J.: 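The structure's right below; bear with me while I get my questions together.
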2 protein chains.
Amino acid sequence: MGTTQLETVPEPKYWHLRTVLSNALDSEFEVGEILPNERELAARFGVARATLRQALEQLELEGRLQRRRGVGTTVAPPRVGVEVNPTRHSWPGAPGDAWQTEGCAEDVPPAVVGRALGRGDEKVYTVHRVRTVHGQPVATELLYVPPASVPGLSGIAGLETDAGVARGRAVLRELQRLELGGQERTVELGSARAEDAKRLDRLPGAPVLVLTTRYLAAGGTAAVAVSTYRADTCRLTFGESAGTGLLAAG
Amino acid sequence: MGTTQLETVPEPKYWHLRTVLSNALDSEFEVGEILPNERELAARFGVARATLRQALEQLELEGRLQRRRGVGTTVAPPRVGVEVNPTRHSWPGAPGDAWQTEGCAEDVPPAVVGRALGRGDEKVYTVHRVRTVHGQPVATELLYVPPASVPGLSGIAGLETDAGVARGRAVLRELQRLELGGQERTVELGSARAEDAKRLDRLPGAPVLVLTTRYLAAGGTAAVAVSTYRADTCRLTFGESAGTGLLAAG
DNA sequence: GAGTGGTCTAGACCACACA
DNA sequence: GTGTGGTCTAGACCACTCG
């Protein structure tokens, strides 16, 4: 990438630096390769370390770089396409879905979820799940299920006091009994809460794509899922055709 | 929000600050209200301005704050839900769509688009469009249409030399004649290129949601659209039910 | 212990909006 | 002109990974 000094241009240094580094990544580096450390890069380009870091942050946001404390900065592989098919009508936990149940609690949901469920601030089952791709966790999920949606549950002896994986699975199992009337989804940018960040192997505040799904049944909202995907490594794909999915690939 | 000093906690100051400010926004501020300026806030919390700014950046990323140079920092309204319905089968430019055509050029598309189009690096029509909500631009789009998808175009006298809005409209009009076989979409995080940033009234590098759509017809890719949405103000909604869309609202 | 990225400071100057 | 947020500097120390 040379030892080029930055010219005086009317654009911010960090932005110009981002462009220079981006081009260098395209032409001179392989995926997985380690970049020189920040202090050396800053010196090489004649800027303060903070300025260089601004450029690196941009590139990390774009999924071009991966930075790990104590290790270094590496060239990131292309983002993985993650299927979140809205037209495949199925409940969470249906056979073959990509999630792993981690636990279940009974909590009052956040206000926005409570509103979508149409039931004020009653307690609901809150199932924690994790989604992994190639062994790496890429998303966490909180699935909110009102007890009314899974009436069969309360009759199962012993489950009331089980706060763990088994109860989560039971909730999902009961959900399958309902007829799914449709779903409604939104995607927005968020920042990882401390707990999610830990599960996703990121720092708190890391950018995430928040996918909110409202599951409809019998004219009402049967459940709401809030899924938190790593924004640096994931590209959400809404496949519709049965085809190979060109966009999903690289 | 008080004059509270930050306690010594094992979490970063900027993260704690983010939480404190977030709570203050919920309880003590109205939408549109102007916050004290950064220098005063920093002093009030006993941190350096750079640290305070890290917290503000987080909140802006989450759509809680809006910062404008020369003006100040204001409390942002809730994100607007923007319909990007994948199940409503229609071409871009169909009657009633929310976009405004701004121009048209003939360019070689970026490599990733060329691949999705399945045609190496030939020139394609590149239609520029803008989407506004409540008069504010929320997204820009580049729509790539190979000439083969709009065979009727070349026969229209005079349009070959028109590089502007009229040609863009003509391309969209011709597209409607094809039968839409399906579409495939992806959403990922990106940062606004300088040109997009200007149109979206943001700084270069601002976080955006990039929605890529592959339009299928006659067994191939008839067009590819790359839509760039402001991530701070937009929530993409994939409505499926004909219902009101609870998630789309506030 | 050495080396990495992450946090934080206390300044400076700039670009922009608005009166 | 005044005040705002945006950029940039040159340091310091911390938290983490790994040999």
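Model, not experiment: these values are computed from the prediction.
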J.: So, does B/Thr51 get its side chain near the phosphate of C/dT7, meaning an N or O under 4.0 Å from OP1 or OP2?
T.: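 Answer is no, no contact under 4.0 Å.
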
J.: Please report the distance, rounded to the nearest Å, between NZ in A/Lys13 and C1' in C/dC14.
T.: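 Answer to the nearest Å: 12 Å.
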
J.: Please answer whether the main-chain N or O of A/Val187 pairs with a side-chain N or O of B/Arg235 as donor and acceptor at a distance below 3.5 Å.
T.: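 No, because the side chain of B/Arg235 does not come within donor-acceptor range (under 3.5 Å) of the backbone of A/Val187.
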
J.: Figure out the CZ/P separation between B/Phe45 and C/dC8, and round it to whole Å.
T.: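 So the two atoms are 14 Å apart, to the nearest Å.
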
J.: Check whether any side-chain nitrogen or oxygen of B/Asn37 sits under 4.0 Å from OP1 or OP2 of D/dT4, and answer yes or no.
T.: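 For B/Asn37, the contact criterion (side-chain N or O under 4.0 Å from OP1 or OP2 of D/dT4) is met.
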
J.: Give the rounded distance in Å between these two atoms: CG of A/Leu59 and C1' of C/dG5.
T.: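 Taking CG of A/Leu59 and C1' of C/dG5, I get 16 Å after rounding.
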
J.: May I have the distance from A/Gln58 (atom CD) to D/dC8 (atom P), rounded to whole angstrom?
T.: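 Spelled out: CD on A/Gln58 to P on D/dC8 is 12 Å.
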
J.: Between A/Leu52 (CG) and C/dT4 (C1'), how many Å, whole number?
T.: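 From A/Leu52 CG to C/dT4 C1': 14 Å.
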
J.: Looking at every non-hydrogen atom in both residues, tell me the closest pair between B/Ala194 and A/Trp15 and how far apart they are.
T.: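 Heavy atoms only, the tightest pair is N-CZ2, 4.2 Å.
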
J.: Between A/Arg199 and A/Asp196, is the closest basic N to carboxylate O distance under 4.0 Å?
T.: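 No, no charged N to carboxylate O under 4.0 Å.
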
J.: Between atom CD in B/Gln54 and atom P in C/dC8, what is the gap in whole Å?
T.: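 Nearest whole value for this atom pair: 6 Å.
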
J.: Rounded to whole Å, please give me the gap between CG in B/Leu41 and P in D/dG6.
T.: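 Atom-to-atom, B/Leu41 to D/dG6, this comes out as 13 Å.
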
J.: Between D/dC13 atom P and B/Tyr14 atom OH, what is the distance in whole Å?
T.: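 For the pair B/Tyr14 OH and D/dC13 P, the rounded distance is 21 Å.
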
J.: Give the minimum heavy-atom separation between A/Arg64 and A/Ser22, together with the two atoms involved.
T.: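 Minimum heavy-atom separation between A/Arg64 and A/Ser22: NH1-OG, 2.9 Å.
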
J.: Looking at B/Thr132 and B/Gly135, what are the two nearest heavy atoms and their distance?
T.: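 Heavy atoms only, the tightest pair is CB-C, 4.3 Å.
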
J.: For residues B/Glu33 and B/Glu28, report the shortest heavy-atom separation together with the two atoms involved.
T.: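 Looks like OE1-O, 4.2 Å.
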
J.: Heavy atoms only: give me the nearest B/Leu65-B/Val75 pair and the separation to one decimal.
T.: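 Closest heavy-atom pair between B/Leu65 and B/Val75: CD2-CA, 4.2 Å.
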
J.: Where the side chain of A/Arg39 is defined as all heavy atoms beyond and including C-beta, which of D/dT9, C/dA10, C/dG5 is the nearest nucleotide?
T.: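 Looking only at side-chain atoms, A/Arg39 lies closest to C/dG5.
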
J.: Can A/Arg185 and A/Thr213 be said to form a side chain to side chain donor-acceptor pair (under 3.5 Å), step by step?
T.: CA-CA 5 Å; A/Arg185 292 188 134 152; A/Thr213 309; 2.9 Å; yes

J.: Can you say whether a donor on the side chain of A/Arg49 sits under 3.5 Å from an acceptor on the base of C/dG6, or the other way round?
T.: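 Answer yes: a donor N or O sits under 3.5 Å from an acceptor.
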
J.: With no hydrogens and no angle check, just 3.5 Å: does a side-chain donor-acceptor pair link A/Ser191 and B/Glu62?
T.: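 Indeed, the side chains of A/Ser191 and B/Glu62 share at least one donor-acceptor pair under 3.5 Å.
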
J.: Any side-chain N or O of B/Thr73 below 4.0 angstrom from OP1/OP2 of D/dT4?
T.: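 So the side chain of B/Thr73 is outside the cut-off, no N or O lying under 4.0 Å from OP1 or OP2 of D/dT4.
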
J.: Could you tell me how the ring of A/Trp99 sits relative to the ring of A/Tyr229: parallel (under 30°), tilted (30 to 60°) or perpendicular (over 60°)?
T.: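 Geometry flag for A/Tyr229 against A/Trp99: perpendicular rings.
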
J.: Ring centres under 6.0 Å, that's the criterion: do B/Tyr144 and B/Tyr125 meet it?
T.: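 Not close enough - the centres of the two rings lie 6.0 Å or further apart.
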
J.: Within residues 192-202 of chain A, find the residues that approach DNA chain C with a heavy atom at under 4.0 Å, and present them sorted by residue number.
T.: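 By residue number: none to list.
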
J.: In residues 62-69 of chain B, which ones come under 4.0 Å of DNA chain D, going by heavy atoms?
T.: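 Per residue number, the list reads B/Arg67, B/Arg68, B/Arg69.
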
J.: Which helical stems does DNA chain C take part in, if a stem means at least 3 consecutive Watson-Crick or G-U pairs with both distances below 3.5 Å?
T.: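 Stems found: C:1-18 with D:1-18.
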
J.: Have B/Gln66 and B/Thr74 got a donor and an acceptor in their side chains that come within less than 3.5 Å?
T.: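 Side chains of B/Gln66 and B/Thr74: no pair found under 3.5 Å.
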
J.: Checking all strands, does A/Leu56 fall into the base, sugar-phosphate, or nothing category for heavy-atom contacts under 4.0 angstrom?
T.: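 Result for A/Leu56 = nothing.
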
